[in-house]
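For reference, the structure discussed in these notes is given below.
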Amino acid sequence: NIEKIIEDTLEMHHLEINYEINNKLPVPMSYNVSTTTIKFNYLQVNGYISKIRIKETDENLVKIMLYHVIGYYIDFKKTKHDLRTLKYGEDDEIARLKTTIETNAWEYGRTLVAEPLLQSYDQVRELDNELLNGRLTNI
């Protein structure tokens, strides 16, 4: 149960983040900085898990996705990105900011991952990058 995993993980780390289901979300999970809310789509989560084929339980893969998304929360708490760049910036500025935010999210999320899951977290990060760049070869 994705909701239970999210609830337990947020509670374990004493994080005040809302969460909700959104079946129209085009990605498995996202973080909304304005509402401090993690949104998730069951179908997208399951589809993502089927693409990221590593020897790990579905529950742990959901946790890995969640830690990555929590990384956005931590990044936005620590760093005051000028999000106007995403709307008004030049293409290269937008790309740099997106890359910075994504890198920070993975790094900050990793700080919460329990030792036994670190290798899988790093593996999912690598596969996620390949998936985004259309280079994932294990499908």
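Side chains included, hydrogens not; waters and symmetry mates left out as well; all remaining heavy atoms used. Predicted model only: the values in this text are computed from it and were never measured.
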Between atom [atom1] of [X] and atom [atom2] of [Y], what is the distance when rounded to the nearest 0.5 Å?
X: I54; Y: Q123; atom1: CD1; atom2: CD; result: 4.5 Å
X: R110; Y: R125; atom1: CZ; atom2: CZ; result: 8.5 Å
X: M12; Y: K63; atom1: CE; atom2: NZ; result: 6.5 Å
X: D92; Y: R96; atom1: CG; atom2: CZ; result: 4.5 Å
X: N32; Y: I17; atom1: CG; atom2: CD1; result: 12.0 Å
X: K24; Y: Q44; atom1: NZ; atom2: CD; result: 14.0 Å

With a 4.5 Å limit on heavy-atom distance, are the side chains of [X] and [Y] in contact?
X: D128; Y: M65; answer: no
X: I74; Y: N104; answer: no
X: I2; Y: I6; answer: yes
X: N41; Y: N22; answer: no
X: S120; Y: I64; answer: yes
X: I70; Y: T9; answer: yes
X: L112; Y: Y121; answer: no
X: D75; Y: I101; answer: yes

Check: [Y] main-chain N/O paired with [X] side-chain donor or acceptor under 3.5 Å:
X: E102; Y: T99; value: no
X: T111; Y: G109; value: no
X: D58; Y: I49; value: no

Which heavy atom in L117 sits nearest to a heavy atom in V113, and how many Å separate them?
->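 Closest approach of L117 to V113: CB-CG1, 3.5 Å.
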
If you look at every heavy atom in K77 and K80, which pair is closest and at what distance?
->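 That closest heavy-atom pairing would be O-NZ, 3.8 Å.
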
salt_bridge(K4, E59) N-O dist < 4.0 Å |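 Salt bridge: no.
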
May I ask you to decide if the ring planes of F40 and Y42 are parallel, tilted or perpendicular, using 30° and 60° as cut-offs?
->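 Aromatic pair F40/Y42 classed perpendicular.
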
Please work out which of the three classes, parallel, tilted or perpendicular, describes the rings of Y31 and Y73, given edges at 30° and 60°.
->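 Perpendicular, since the angle between the ring planes exceeds 60°.
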
Would one find more than 12 heavy atoms of other residues, nucleotides or ligands at under 6.0 Å from atom CD of E7?
->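 It does: E7 CD has more than 12 such atoms within range.
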
Heavy-atom count around D91 CG within 6.0 Å, excluding the residue itself: above 12?
->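 At most 12 heavy atoms, drawn from other residues, nucleotides or ligands, come within 6.0 Å of this atom.
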
Going through the checks in order, is the side-chain contact (heavy atoms from CB on, under 4.5 Å) test met by N18 and T35?
-> CA-CA 8 Å; N18 303 310; T35 61; 5.6 Å; no

Centroid-to-centroid, H13 to Y67, below 6.0 Å?
->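 Between H13 and Y67, the centre distance is under 6.0 Å.
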
Could you walk me through whether I94 and K98 pass the side-chain contact (heavy atoms from CB on, under 4.5 Å) check?
-> CA-CA 6 Å; I94 293 169; K98 284 182 175 181; 3.9 Å; yes

Side-chain cluster (under 4.5 Å, hydrophobic types only) that V27 belongs to, other residues |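 Grouped by the 4.5 Å side-chain rule, L25 form the rest of the cluster around V27.
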
Do Y19 and E3 have a side chain donor and acceptor closer than 3.5 Å?
->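 Checked: Y19/E3 side chains show no N/O donor-acceptor pair below 3.5 Å.
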
